[in-house]
Visitor: 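Once you've had a glance at the structure underneath, I'll fire off some questions.
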Amino acid sequence: MIGDGTRGAVVADARVFQEDWVPGDMHHRDAELNLMASALKPVVEGDPGTELLLTGPSGTGKTCSAKYLLGKLRERVLDIETQYVNCWSDYTRYRVLFRILDGLDSAEAIRNRSSASDLLERLREVDIPVVVILDEVDQLAESAVLYELYELPHVEMVLISNGEAEVLAGIDDRLQSRLRTATRVSFDRYGTDALVSILEQRAQKGLQPDVVGRSELEAIARAADGNARNAIAVLRSAAQLAESRDLDGIAEAIVDDAVSDAQTRVRRTLLEKLNDHQRVLYDVIASDEPIAPGDLYDAYEETVEEPRTKRTLRTYLTKMEQYSLVVAEGSAQGRRYRTGDPGPDDR
DNA sequence: GCTCCACCGGAACGCCGGGTCG
DNA sequence: CGACCCGGCGTTCCGGTGGAGC
């Protein structure tokens with residue numbers, strides 16, 4: 001097998017199970033896709049369209065639908081650019097603009113000493129329509145950039161967030177009122193049947209023939225609670241577990257193990273994103289939960305050689321809370337921290 | 001070719017207002 | 001009310017970078 005080291009007895013193409021994989025045809029999101037397509041239609045004809053605002057719980061196909069639709073758009077339209085930005089990792093004005101230009105310009109056109117204003121100017125000079133997906137837009141620290149992008153007539157924004165309130169909370173009034181005309185599309189959790197059909201699609205593309213049956217997929221779908229991302233992650237874990245155990249298929253008995261394996265994988269991935277100080281904080285909480293803020297800082301201070309200040313720890317804890325690695329309960333003196341479960345719910 | 005310096009983004013952090021529990 | 005905690009905001013510091021001057 002040339003150029004493909006991913007084949008095994010069970011897994012045929014591991015790429016299908018990666019989070020950013022976009023299927024060739026979307027299932028169960030026809031109504032949402034139609035709404036989105038009609039909002040983007042003027043853009044294709046060179047007119048400004050209305051901004052799109054996609055909301056709904058995680059794992060309901062918001063990102064996938066947006067990427068899918070923009071992919072289709074690029075197939076049909078020559079003079080259009082699309083770009084995906086995840087505001088979770090690119091949360092500053094500079095990084096958002098850089099990411100957008102990154103997909104448009106040749107890389108060397110962006111000099112490292114360019115300021116954010118330079119980048120905005122460069123984007124202003126682009127002479128074809130640009131459709132930008134801004135995923136997890138509520139994570140943006142400098143939301144003023146949204147207004148700057150809105151002001152560019154040839155830039156069309158697709159904003160994605162769990163809830164509308166989260167988006168509107170951080171942005172200034174001018175943009176808030178203008179976003180009232182945005183096309184809103186809300187995504188609901190998938191039903192079990194829909195999840196099974198999504199899993200079937202992935203299995204057909206990513207697994208060897210006949211290694212998993214419908215009843216196993218149903219078991220996985222039921223465990224996923226309407227969340228396609230989780231369902232696919234569990235299927236991936238199940239396939240890898242089956243392979244490592246030298247089985248020739250995915251039996252229902254393996255599903256429970258696959259669920260916890262997928263959770264472990266998520267947690268490990270998140271923990272790897274923490275710096276040393278944040279990791280110490282997590283370990284302190286894990287070893288002595290629930291723990292009061294004062295005690296947490298004392299324990300941290302004893303462990304680390306050059307401790308950060310309390311103010312910085314608060315910033316760290318907020319971040320870890322957003323990852324769902326940490327849960328904070330109560331307020332003021334009643335505050336307690338404990339470890340959380342990254343998984344079904346949002347980060 | 002080398003050094004110095006101006007400038008950038010981003011992290012750390014001090015300050016402080018506001019909220020809340022005991 | 002007092003002690004404690006959170007988080008927004010402005011400032012400072014630092015590493016990276018590349019151009020000016022020698």
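All chains are named by letter (A, B, ...) in the order of the sequence lines, taking the proteins before the strands, and each is independently numbered beginning at 1. Nothing here was measured: the structure is a model prediction, and the numbers come from that model.
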Visitor: Can you tell me if Y337(A) touches the phosphate of dC6(C), counting only side-chain N or O atoms and a distance under 4.0 Å to OP1 or OP2?
Guide: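 True: Y337(A) side-chain N/O within range (under 4.0 Å) of dC6(C) OP1/OP2.
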Visitor: Which of residues 285-295 of chain A have a heavy atom under 4.0 Å from DNA chain B?
Guide: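 Listed by number, there are none.
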Visitor: Examine R95(A) relative to Y91(A) and say whether NZ or CZ is less than 6.0 Å from the centre of the six-membered ring and inside a 45° cone about the ring axis.
Guide: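 Yes, cation above the ring, under 6.0 Å and within 45°.
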Visitor: Would you mind reading off the distance between R99(A) atom CZ and dG9(B) atom P, rounded to a whole angstrom?
Guide: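 Going from CZ in R99(A) over to P in dG9(B) covers 16 Å.
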Visitor: If we ignore angles and hydrogens, is there a donor and acceptor under 3.5 Å between the side chains of T269(A) and R265(A)?
Guide: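 On atom types as modelled, these side chains do not qualify, holding no pair under 3.5 Å.
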Visitor: Among K67(A), R236(A), R229(A), whose salt bridge (charged side-chain N to carboxylate O under 4.0 Å, His left out) with E19(A) holds?
Guide: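 Single salt bridge (charged side-chain N to carboxylate O under 4.0 Å, His left out) partner of E19(A) among K67(A), R236(A), R229(A): R229(A).
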Visitor: Generate the contact string for nucleotides 10-19 of chain B. Rules: B means base contact, S means sugar-phosphate contact only, - means no protein heavy atom under 4.0 Å.
Guide: SSSSBB---B
Visitor: Please work out whether the ring planes of Y94(A) and F98(A) are parallel, tilted or perpendicular, with thresholds of 30° and 60°.
Guide: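 Ring orientation of Y94(A) relative to F98(A): parallel.
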Visitor: Does the cation-pi check pass for R178(A) over Y150(A), that is, NZ or CZ under 6.0 Å from the six-membered ring centre and within 45° of its axis?
Guide: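 No, R178(A) and Y150(A) do not form such a contact.
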Visitor: If I take atom CG in residue D118(A) and atom C1' in nucleotide dG18(C), what distance separates them, rounded to the nearest angstrom?
Guide: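 These atoms are roughly 14 Å apart.
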Visitor: Less than 6.0 angstrom from the centroid, inside 45 degrees of the normal: does R29(A) satisfy that with respect to the ring of Y190(A)?
Guide: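 Yes.
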Visitor: Side chains of R222(A) and T192(A): donor-acceptor distance under 3.5 Å anywhere?
Guide: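 Absent: no donor and acceptor within the cut-off.
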Visitor: Using distance alone, with no hydrogens and no angle criterion, decide if E166(A) and S161(A) have a side-chain donor and acceptor under 3.5 Å apart.
Guide: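 On atom types as modelled, these side chains do not qualify, holding no pair under 3.5 Å.
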